[in-house]
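Down below is the structure, laid out as structure tokens.
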Amino acid sequence: TRFNERFDELWHAFAAGIGCAVDRTSAYLNWRVARHPASPYTTLAVEEGGRLIAYVIYRTAMKHDGHLGYVMEAMAMPGRQATLADLLRWVRRDLAQRGVDAIMAQCFRHSPNFGAYRRAGFWPIPDRIVPIESHFGSLALTPAGEVSSKLENWYVSYLDSDSA
């Protein structure tokens, strides 16, 4: 029901090569997920020896005239993408049993978790049938912050959006 320092460790390892993203430490996850007033999220995690290896946060919603599943977040320690793919397969089975019409996820092709999504059977939606368009922006406050102007430096998931 609460996220702890093991999620901080995983986030820092996962985000090592990411230039622009919301900081997904336990403080953020507790604010965004554990204390969310209206949305029941499910979190699955794999740990080994007390160390968090991978996790997925997901939910269902009635939207766009259908019963949708949303993968809100999915990440793993570097080198543990196979474990993340296993978790995503489990999510697919669980959401299918709940009767969802489709499962949505946001993941750029350059994201560290893209391969896990593909191994778990997720496919990119062709641009012509994407149901909504999201816009994100940032303001570089230092010269080092200018990394945010290039899409390949960004990491985004449905956890960044209130629409899911």
Residue pairs passing the salt bridge (charged side-chain N to carboxylate O under 4.0 Å, His left out) test with at least one member in residues 117-126, sequence neighbours excluded, are none
Contacts of Arg51 meeting salt bridge (charged side-chain N to carboxylate O under 4.0 Å, His left out) (sequence neighbours excluded), chain-then-number -> Glu9
Joining Ile, Leu, Val, Met, Phe, Trp and Tyr whenever any side-chain heavy atoms lie under 4.5 Å apart, the cluster holding Leu84 also takes in Leu44, Val46, Ile53, Val56, Tyr58, Val71, Leu87, Leu88, Trp90, Val91, Leu95, Val100, Ile103, Tyr117, Phe122
Rounded to the nearest 0.5 angstrom, the CG-CD1 distance for Asn153 and Ile18 is 10.0 Å
Taken in chain and number order and not counting sequence neighbours, the residues that satisfy ring pair (Phe, Tyr, Trp, His ring centres under 6.0 Å) with Phe3 are Phe7
Worksheet item: Do any N or O atoms from the side chain of Arg35 and from the backbone of Val33 form a donor-acceptor pair under 3.5 angstrom?
Response: no
Q. Are Ser26 and Arg2 close enough that a side-chain donor and a side-chain acceptor fall under 3.5 Å?
A. no
Output for pair (Ile57 CD1, Leu159 CG), nearest 0.5 Å, gives 5.5 Å
dist Met77:CE -> His12:NE2 (nearest 0.5 Å) comes out at 10.5 Å
Query raised in the report: Are Met72 and Thr42 close enough, and set up right, to give a side-chain contact (heavy atoms from CB on, under 4.5 Å), and what steps lead you there?
Result: CA-CA 10 Å; Met72 302 300 293; Thr42 300; over 6 Å; no
Residues at least two apart in sequence or cross-chain that pass ring pair (Phe, Tyr, Trp, His ring centres under 6.0 Å) with His110, listed by chain then number, are Phe108
For Trp31, the ring pair (Phe, Tyr, Trp, His ring centres under 6.0 Å) test, sequence neighbours excluded, returns Tyr28
### Whether Tyr70 and Tyr158 hold their rings parallel, tilted or perpendicular, with breakpoints at 30° and 60°
perpendicular
Residues Ala85 and Ala120: closest non-hydrogen pair is O-CB, 3.6 Å
- Message: Ignoring hydrogens and geometry beyond distance, is a side-chain donor-acceptor pair present between Ser157 and Gln106 at under 3.5 Å?
- Response: no
The side-chain contact (heavy atoms from CB on, under 4.5 Å) partners of Arg109 (sequence neighbours excluded) come to Phe114, Pro124
With sequence neighbours left out, the residues meeting side-chain contact (heavy atoms from CB on, under 4.5 Å) with Ala45 are Leu52, Tyr55
Asn113 side chain to Met75 backbone, donor-acceptor under 3.5 Å: no
*asked:* Before you tell me yes or no, could you show the steps for Trp11 and Leu29 under side-chain contact (heavy atoms from CB on, under 4.5 Å), namely the whole-Å CA-CA distance, both residues' side-chain angles and the distance that decides it to 0.1 Å?
replied: CA-CA 11 Å; Trp11 167 246; Leu29 293 172; over 6 Å; no
Residues passing the side-chain contact (heavy atoms from CB on, under 4.5 Å) test with Ala27, sequence neighbours excluded, are Thr25
Quick note, side chain to side chain donor-acceptor pair (under 3.5 Å) partners involving residues 75-87, not counting sequence neighbours, are Glu48-Arg80, Arg80-Thr83, Asp86-Arg89
Those residues at least two apart in sequence (or on a different chain) that pass side chain to side chain donor-acceptor pair (under 3.5 Å) with Asp65 are none
By side-chain contact (heavy atoms from CB on, under 4.5 Å), Glu47 pairs with (sequence neighbours left out) Arg6
Hey, mind stepping through Tyr155 and Asp160 against side-chain hydrogen bond (donor to acceptor under 3.5 Å, both in side chains) and telling me if it holds? CA-CA 10 Å; Tyr155 176 77; Asp160 296 304; over 6 Å; no
